[in-house]
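Read through the structure below, which is laid out as structure tokens, and then see the notes.
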Amino acid sequence: MFMAVSIVCDDYFLPSLEIISESLGLSQDVAGATFMAAGSSAPELVTAFLGVFVTKGDIGVSTILGSAIYNLLGICAACGLLSSVVSRLSCWPLFRDCFAYAISAAAVLAMIFDNRIYWYEGASLLLLYGLYILVLCFDIKINQYIMKKFSPCCTCFAKAMEENTEQQPLIGWKEECEPLICRQSRTDSGIFYDDSDYSQLSISLHGLDEISEDPPSVFTIPEADLKRILWVLSLPIITLLYLTTPDCRRQFWKNWFMVTFFLSAVWISAFTYVLVWMVTTVGDTLAIPETVMGLTLLAAGTSIPDTVASVLVARKGKGDMAMSNIVGSNVFDMLCLGLPWFIKTAFIDTSAPVEVNSSGLTYTAVSLICSIIFIFLAVHLNGWKLDKKLGAICLVMYLAFVIVSILYELGIIGNNPVKVCGG
């Protein structure tokens with residue numbers, strides 16, 4: 001299932017995302033915080049619906065809040081350690097997404113404080129997400145305004161302004177070639193460092209994409225022995241995806257990119273469901289306490305699409321896109337809880353609110369706040385680079401958090417009853 005998620009992300013989900021970004025003229029970080037976050041977080045949305053309509057429990061809340069720390073520290077560690085490319089990170093996208101994440105987490109925690117969710121609370125979460133999307137629509141203008149205001153007192157903004165001055169000749173060339181892309185690109189604000197994607201985008205919009213060749217067939221046998229073994233093992237998955245999802249990397253299916261995006265999100269959800277099912281079965285068989293499972297294997301299991309997608313784009317040097325997906329998917333996870341809550345309280349069962357469990361709320365709130373502050377400070381102190389050093393720091397912090405949490409949940413620290421999976 002892990003291989004299946006990797007294949008669907010690499011061959012279908014990310015190529016469709018690139019075409020969507022090109023068509024809408026989105027910068028890497030905005031694409032990562034919107035379409036990429038929504039697609040790779042589809043399993044969490046499905047989990048939230050299952051928790052409200054099927055299991056009638058708070059499985060959606062516990063899964064999303066429980067995997068929030070892994071999403072920030074665990075995925076950031078994977079991106080740094082598994083990528084051989086050192087990516088430059090931008091100040092504004094990370095600040096914007098961390099601020100939005102803090103607000104969305106505070107809103108969800110405040111709403112579940114009384115263990116009841118009413119229709120207006122679900123609607124307010126959806127409005128918050130709509131406001132977040134609106135901010136992303138005017139991202140370039142807000143970015144430029146904040147840079148001018150805070151560059152005298154913030155070193156990262158001042159460096160961005162210097163970068164802007166150095167890149168002015170390149171911007172002028174882009175205005176002559178393709179004014180639309182220049183307006184949408186982050187290069188003109190000095191925040192967006194990786195310029196190659198927009199150069200490629202300008203070229204493709206000038207009609208040179210006709211000469212690009214289709215990628216090799218998915219049924220081409222790799223030459224390396226290990227890759228050949230993995231290819232044989234994953235052949236049923238490759239065939240299934242080939243028969244059901246259009247490959248928008250090929251000229252024939254290029255205009256079907258939205259179909260590819262939605263179908264790949266569906267397959268990601270299906271594969272993740274089976275993956276989490278298998279992980280839960282292993283936990284039940286080995287009699288691992290469910291709190292330990294929730295903090296480790298289950299938290300990582302539901303976030304595997306985010307992990308795979310972020311690592312794949314980080315390996316291409318797109319650090320902003322990876323970080324925006326990490327934090328933006330958390331924003332999507334938090335606020336997508338409002339959709340099933342609103343549908344149930346406003347249309348299906350209008351007489352009663354949705355019942356949720358708010359136990360451990362203080363612990364969760366402190367953990368979320370600490371993780372947001374830590375990730376921002378760690379990136380800042382590392383010189384705004386996504387590299388192996390940052391990955392190692394995040395990994396150590398995540399392991400420390402997990403160990404302390406497990407000791408607390410097992411009753412070694414504190415006084416908690418232990419529940420075993422399936423018990």
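Just so it is clear, the structure is predicted and the values come from calculations on it, not from any experiment.
Using a 3.5 Å distance cut-off with no hydrogens or angles, the side chains of Trp256 and Ser16 do not pair a donor with an acceptor. A donor-acceptor contact closer than 3.5 angstrom is absent between the side chains of Asp29 and Trp92.
The side-chain contact (heavy atoms from CB on, under 4.5 Å) search around Leu286 returns Val282, Ile288, not counting sequence neighbours. Residues passing the side chain to side chain donor-acceptor pair (under 3.5 Å) test with Asp387, sequence neighbours excluded: Asn382. With sequence neighbours excluded, no residue satisfies side chain to side chain donor-acceptor pair (under 3.5 Å) with Tyr129. Legend: residues meeting side-chain contact (heavy atoms from CB on, under 4.5 Å) with Leu312, ordered by chain and number and at least two apart, are Cys9, Asp10, Leu14, Val308.
Distance alone, capped at 3.5 Å, places no donor-acceptor pair between the Ser40 side chain and the Pro305 backbone. Between the side chain of Asp320 and the backbone N or O of Leu89 there is no donor-acceptor pair closer than 3.5 Å. Counting only distance, with no hydrogens or angles, the side chain of Ser310 and the backbone of Thr307 share no donor-acceptor pair below 3.5 Å. One N or O on the side chain of Arg315 and one on the backbone of Leu82 form a donor-acceptor pair closer than 3.5 Å.
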Assess the residue pair Arg96 and Leu136 against the criterion (side-chain contact (heavy atoms from CB on, under 4.5 Å)); give the C-alpha distance rounded to whole Å, side-chain angles, the decisive distance to 0.1 Å, and a yes or no. CA-CA 9 Å; Arg96 175 200 67 207; Leu136 292 176; 3.4 Å; yes

Can Trp384 and Cys91 be said to form a side-chain contact (heavy atoms from CB on, under 4.5 Å), step by step? CA-CA 8 Å; Trp384 296 93; Cys91 185; 3.8 Å; yes

Carefully, step by step, assess Val85 and Lys316 under the rule side-chain contact (heavy atoms from CB on, under 4.5 Å). CA-CA 7 Å; Val85 180; Lys316 297 177 182 177; over 6 Å; no

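Checking Asn330, Asn325, Asp306 one by one against Asn71, the side chain to side chain donor-acceptor pair (under 3.5 Å) holds for a single residue, Asn330.
Pairs of residues two or more places apart, or lying in two chains, that qualify as ring-ring contact (aromatic ring centres under 6.0 Å, His included) and include a residue from residues 7-29 are Phe13-Phe261.
Residue Trp253 places its CH2 atom among more than 12 non-hydrogen atoms of other residues, nucleotides or ligands, all under 6.0 Å distant. Heavy atoms from other residues, nucleotides or ligands lying under 6.0 Å from NZ of Lys389 number 12 at most. Residue Phe374 places its CZ atom among more than 12 non-hydrogen atoms of other residues, nucleotides or ligands, all under 6.0 Å distant.
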For residues 393-402, please give each side-chain donor-acceptor pair under 3.5 Å, one per line with the distance, not counting sequence neighbours.
{"residue": "Tyr398", "atom": "OH", "partner": "Leu295", "partner atom": "O", "Å": "3.3"}

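Separation of the Tyr242 and Phe219 ring centroids falls under the 6.0 Å cut-off. Between Tyr132 and Phe332, the distance from one ring center to the other does not fall under 6.0 angstrom.
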